[in-house]
Asker: 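Here's a structure for you.
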2 protein chains.
Amino acid sequence: MTPTQKLREALARKGLPLTQQRLAVFEALEKAKDHPSAEALHRALRGKYPSLSLATVYKTLQTLKDVGLAQVVNAPHAEARFDAITGVHHHAICRGCGRIEDVFDARLDRLSAPRVKGFELGAHSVHFYGLCGRCKTKKL
Amino acid sequence: MTPTQKLREALARKGLPLTQQRLAVFEALEKAKDHPSAEALHRALRGKYPSLSLATVYKTLQTLKDVGLAQVVNAPHAEARFDAITGVHHHAICRGCGRIEDVFDARLDRLSAPRVKGFELGAHSVHFYGLCGRCKTKKL
DNA sequence: ATGGGTGCAAAATGTTTGCAAGTCC
DNA sequence: GGACTTGCAAACATTTTGCACCCAT
């Protein structure tokens, strides 16, 4: 399935039209292997589509997320959240309200780093996503 | 060891003075169990220290990080980084330049969610931190 | 005494939004 | 034709910075 088909189909499922901008952003995102930012995508595309605006790139990425063709790797423009516990531990994060609970689990601490070309990896941290008690009830 | 001692010592190791503001922020951060944001800490402290500025809270958190007494749970005000791969996968993140590489590892995919009071957890993602090839050489 | 810290306000950064004009089906 | 999207600029939220004054050592 070509990118165009894949995108058209995913958009159609939500009744959304396929536009040139959406196709351009989607193709660029699929081609890039370095988890580009909105800014990076905009930069990469402005040669071919000089009128493409950064706001459109943001909106399109949101749309791609909505139709299940993209995801965000980190969680910015949320506030930074700090922790006085500097030892190894993990987190349960509520998708509803952003609440973060610490998770202590030796089994998770023991995970060994995978081999990634060139990287020298040390610490790791596991993020579990879900709904906290309050948001679970709210959603019903 | 009291918070004051712990803080004084960590700061002294880098030749930095202990101030009332630093102590206040550090104590508040240790006491809070909900991964407060800078804003939240500022709000919590303004009753007792009305002149404490938000900028100082930010600077202090940075300092606490530098001396190893705090860490950031998420990574905001970095740009959002997007990914067209929507399946389960993990990431290797370079502390030097922020580069993100995908990690595919079935062993990691299979991790079962821990029990966290009230939470209903689904997906998870493992972040490995380290230095990429380029930053490794730069640091030497 | 002096190097660094604090508080303020302004700048910077990343993202979102309102709206007129344009595009897709 | 009608709903949705685009591009622009302005708004927004979070974080950083410059600078005059102040505090810890």
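The sequence lines fix the lettering, A, B, ..., with proteins before strands; numbering per chain opens at 1. Please read these numbers as outputs of a predicted model, since none were measured by experiment.
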Asker: Nearest to the side chain of B:P17, heavy atoms from C-beta on, is which of D:dA24, D:dG7, D:dT5?
Answerer: D:dA24
Asker: Rounded to the nearest angstrom, tell me the gap between atom CG in A:L23 and atom C1' in D:dT5.
Answerer: 15 Å
Asker: Side chain of B:A55: nearest nucleotide among D:dT14, C:dA9, C:dT6?
Answerer: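 My answer, after comparing the listed nucleotides, is C:dA9.
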Asker: Relative to the ring of B:H35, is the ring of A:H91 parallel (under 30°), tilted (30 to 60°) or perpendicular (over 60°)?
Answerer: perpendicular
Asker: So does A:Y58 get a side-chain nitrogen or oxygen closer than 4.0 Å to the phosphate oxygens (OP1/OP2) of C:dT15?
Answerer: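 For A:Y58, the contact criterion (side-chain N or O under 4.0 Å from OP1 or OP2 of C:dT15) is met.
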Asker: Could you check how far CG of A:L7 sits from C1' of D:dT5, rounded to whole Å?
Answerer: 14 Å
Asker: Identify, between B:G15 and B:T56, the residue whose nearest nucleotide on DNA chain C lies closer to the 5' end.
Answerer: B:G15
Asker: For the pair made of NE2 in B:H42 and C1' in D:dT14, what is the distance, rounded to whole Å?
Answerer: 14 Å
Asker: Nearest to the A:S53 side chain among C:dC24, D:dG7, C:dG7, which nucleotide is it?
Answerer: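 The answer is D:dG7, which lies nearest to the side chain.
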Asker: Taking atom types as modelled and ignoring hydrogens, do the side chains of B:T60 and B:T63 form a donor-acceptor contact shorter than 3.5 angstrom?
Answerer: no
Asker: Nearest-Å distance, CD (A:Q62) to P (D:dT6)?
Answerer: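 Atom-to-atom, A:Q62 to D:dT6, this comes out as 13 Å.
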Asker: Taking only the side-chain nitrogens and oxygens of B:Q21, find out if one of them lies under 4.0 Å from OP1 or OP2 of C:dG7.
Answerer: yes
Asker: For this output row, return yes or no: ring centroids of B:H90 and B:H127 closer than 6.0 angstrom.
Answerer: no
Asker: Using atom CD of B:Q20 as one end and atom C1' of C:dG4 as the other, report the distance to the nearest whole Å.
Answerer: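 So the two atoms are 16 Å apart, to the nearest Å.
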Asker: CZ of B:R8 versus C1' of C:dG4: gap in Å, rounded?
Answerer: 16 Å
Asker: For C:dG14, take OP1 and OP2 only and decide whether either is under 4.0 Å from a side-chain N or O of A:S37.
Answerer: no
Asker: Counting the atoms with a prime plus P, OP1 and OP2 as sugar-phosphate, which does A:S51 contact under 4.0 Å by heavy atoms, base, sugar-phosphate, or nothing?
Answerer: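 Result for A:S51 = sugar-phosphate.
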Asker: Counting side-chain heavy atoms from C-beta on, which of C:dC8, C:dG5, D:dT16 comes nearest to B:K59?
Answerer: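 Looking only at side-chain atoms, B:K59 lies closest to C:dC8.
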Asker: Does B:R13 form a salt bridge (charged side-chain N to carboxylate O under 4.0 Å, His left out) with B:E9? I'd like the steps, not just the answer.
Answerer: CA-CA 6 Å; B:R13 232 171 277 136; B:E9 217 168 273; 3.6 Å; yes
Asker: Would you please confirm or rule out a distance under 4.0 Å between OP1 or OP2 of C:dT6 and any side-chain N or O of B:T19?
Answerer: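 Answer yes for this pair, as a side-chain N or O of B:T19 is under 4.0 Å from OP1 or OP2.
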Asker: A:L16 CG to D:dT6 C1': how many Å, rounded?
Answerer: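 Distance check: A:L16 CG to D:dT6 C1' gives 14 Å.
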Asker: When you check the side-chain N and O atoms of A:S112 and B:R107, is any donor under 3.5 Å from an acceptor?
Answerer: yes
Asker: When the distance from CG of A:L45 to P of D:dT6 is rounded to whole Å, what number comes out?
Answerer: 13 Å
Asker: So which nucleotide from C:dT15, D:dT6, C:dC24 ends up closest to the side chain of A:L54?
Answerer: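 The answer is C:dT15, which lies nearest to the side chain.
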